[in-house]
Number of protein chains: 2
Amino acid sequence: MTKMTTTPELLLENQLCFTIYACSREITKLYQPYLDSIGVTYSQYLVMLVLWERRQCTVKEIGEALFLDSGTLTPLLKRLQAAGLILRERSLQDERKVLISLTEQGWALQKDALCIPSKMMEGTAMTGDEFVDLLAQFKNLLGRVHDTNLLSKK
Amino acid sequence: MTKMTTTPELLLENQLCFTIYACSREITKLYQPYLDSIGVTYSQYLVMLVLWERRQCTVKEIGEALFLDSGTLTPLLKRLQAAGLILRERSLQDERKVLISLTEQGWALQKDALCIPSKMMEGTAMTGDEFVDLLAQFKNLLGRVHDTNLLSKK
DNA sequence: TTATATTATATTGTGTACAATACATTATCA
DNA sequence: TGATAATGTATTGTACACAATATAATATAA
């Protein structure tokens with residue numbers, strides 16, 4: 001028996017944070033081949049999901065939906081614009097806002113993306129019930145942590 | 001009722017991937033004030049957890065423990081070295097390997113880190129049972145996804 | 001024992017993430 | 001109305017994250 005050099009609380013295998021962090025990156029890798037085939041990154045794909053759903057958004061709205069700030073979104077959106085998938089234009093009503101909308105090419109990409117979710121289900125080797133259950137638990141945790149973060153901002 | 005512009009599979013709220021991704025980033029934010037106070041980043045903290053546990057590691061071993069590659073670890077380890085927390089030295093037995101170990105200052109930091117896990121438990125507002133249960137489920141998911149990724153590498 | 005393959009790390013380039021700051025625009029109040 | 005605050009986006013700087021490639025050292029095989 002080797003002498004312990006740390007405590008149970010600090011063991012990597014007991015860290016929920018690490019498990020989630022590693023999970024997130026491994027899932028991104030799972031998407032990689034499919035995202036490569038449609039030519040967007042994982043974060044860009046999430047932005048496209050938001051736009052397919054809402055048609056038009058401000059940068060702020062996209063940020064609220066994805067929990068991302070403008071320092072991340074601005075360059076990302078410029079790359080999507082350069083790829084011809086979205087339009088960026090200042091609102092005429094309020095010139096502080098930048099309106100993001102889809103080009104025809106951006107809408108066309110939706111068809112290519114349709115098969116991705118089912119491929120991912122396969123990759124996680126989960127049943128539909130497991131998926132629904134896990135999603136609910138994650139959302140619950142996300143809600144709690146997000147609330148704590150909001151409180152500590154004030 | 002507005003006309004739907006996307007399908008249920010592509011709705012952001014149905015994406016397990018996004019929920020986990022957002023969760024991971026929000027949890028990192030939860031750690032931020034405590035990590036700031038001990039002067040390391042989140043990824044650097046994870047490397048320190050590995051080293052407090054194993055005393056000495058090669059870069060490869062740290063990468064396997066954290067699912068990170070050398071492109072991420074090399075600069076990160078150099079910053080930890082510059083901060084005086086670790087040592088980096090080539091193995092005499094096999095000069096391809098770089099051995100990472102803790103300085104006295106690196107060990108001293110462990111005391112300051114001891115309080116962090118309990119603070120995080122508070123931030124997630126979970127009971128001990130919920131925590132154990134959730135951790136088991138995420139580990140299960142991580143294992144499955146990691147296996148799928150390993151298979152597709154071959 | 002050389003040629004070949006494998007292993008371990010480092011480097012480079014692209015793309016996030018986010019804090020901090022700057023800046024222009026709009027809203028509000030004295 | 002003029003000053004002040006709040007809002008929305010962009011910019012800058014630091015630190016990952018990873019694919020692809022390079023390089024050096026070790027192991028293996030003919």
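Remember, predicted model here, so these are calculated numbers, not experimental data.
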Students often mix this up, so state it plainly: with edges at 30° and 60°, are the rings of B:His146 and B:Phe67 parallel, tilted or perpendicular? perpendicular

Please work out which of the three classes, parallel, tilted or perpendicular, describes the rings of A:Tyr21 and B:Tyr42, given edges at 30° and 60°. perpendicular

C:dA20 P sits how many Å from B:Asp36 CG, rounded? 8 Å

Whole Å only: how far is the CG atom of A:Leu73 from the P atom of C:dA17? 10 Å

The answer to which of A:Val98 and A:Gln32 contacts DNA chain D further toward the 5' end, by nearest nucleotide, is A:Val98

When only distance counts, do a donor and an acceptor, one from the side chain of B:Thr41 and one from the base of D:dA15, lie under 3.5 Å apart? no

Students often get this wrong, so: under 4.0 angstrom with heavy atoms, is B:Thr28 touching a base, only sugar-phosphate, or nothing? nothing

With a 4.0 Å cut-off on heavy atoms, is A:Leu68 in touch with a base, just the backbone sugar-phosphate, or nothing at all? sugar-phosphate

Selected nucleotide, minimal atom distance to [X] side chain, candidates [options]:
| X | options | answer |
| --- | --- | --- |
| B:Gln44 | C:dG15, D:dA15, D:dA10 | D:dA15 |
| A:Arg79 | C:dT16, D:dA10, D:dT11 | C:dT16 |
| B:Asp69 | C:dC18, D:dA19, D:dA15 | D:dA19 |

Looking at B:Arg55, I'd like to know if its CZ atom is crowded, meaning that more than 12 non-hydrogen atoms belonging to other residues, nucleotides or ligands lie closer than 6.0 Å. no

In sequence, state the C-alpha distance, the side-chain angles, and the governing distance for B:Arg144 and A:Glu130, and then conclude on salt bridge (charged side-chain N to carboxylate O under 4.0 Å, His left out). CA-CA 13 Å; B:Arg144 295 195 206 187; A:Glu130 284 177 315; 3.2 Å; yes

Do A:Gln110 and B:Thr6 pair up side chain to side chain, a donor and an acceptor below 3.5 Å, judged on atom types alone? yes

Decide salt bridge (charged side-chain N to carboxylate O under 4.0 Å, His left out) for B:Lys97 and B:Glu61; before the verdict, give the C-alpha distance in whole Å, the side-chain angles of both, and the deciding distance to 0.1 Å. CA-CA 10 Å; B:Lys97 299 183 181 176; B:Glu61 286 166 342; over 6 Å; no

Contact under 4.0 Å: [X] side-chain N or O vs [N] OP1/OP2:
| X | N | answer |
| --- | --- | --- |
| A:Ser43 | C:dA17 | yes |
| A:Lys60 | D:dA10 | no |
| B:Thr74 | C:dA10 | yes |
| A:Tyr21 | D:dA17 | yes |

In numerical order, the residues of residues 86-97 of chain B whose heavy atoms come under 4.0 Å of DNA chain D are B:Gln93, B:Asp94, B:Glu95, B:Arg96

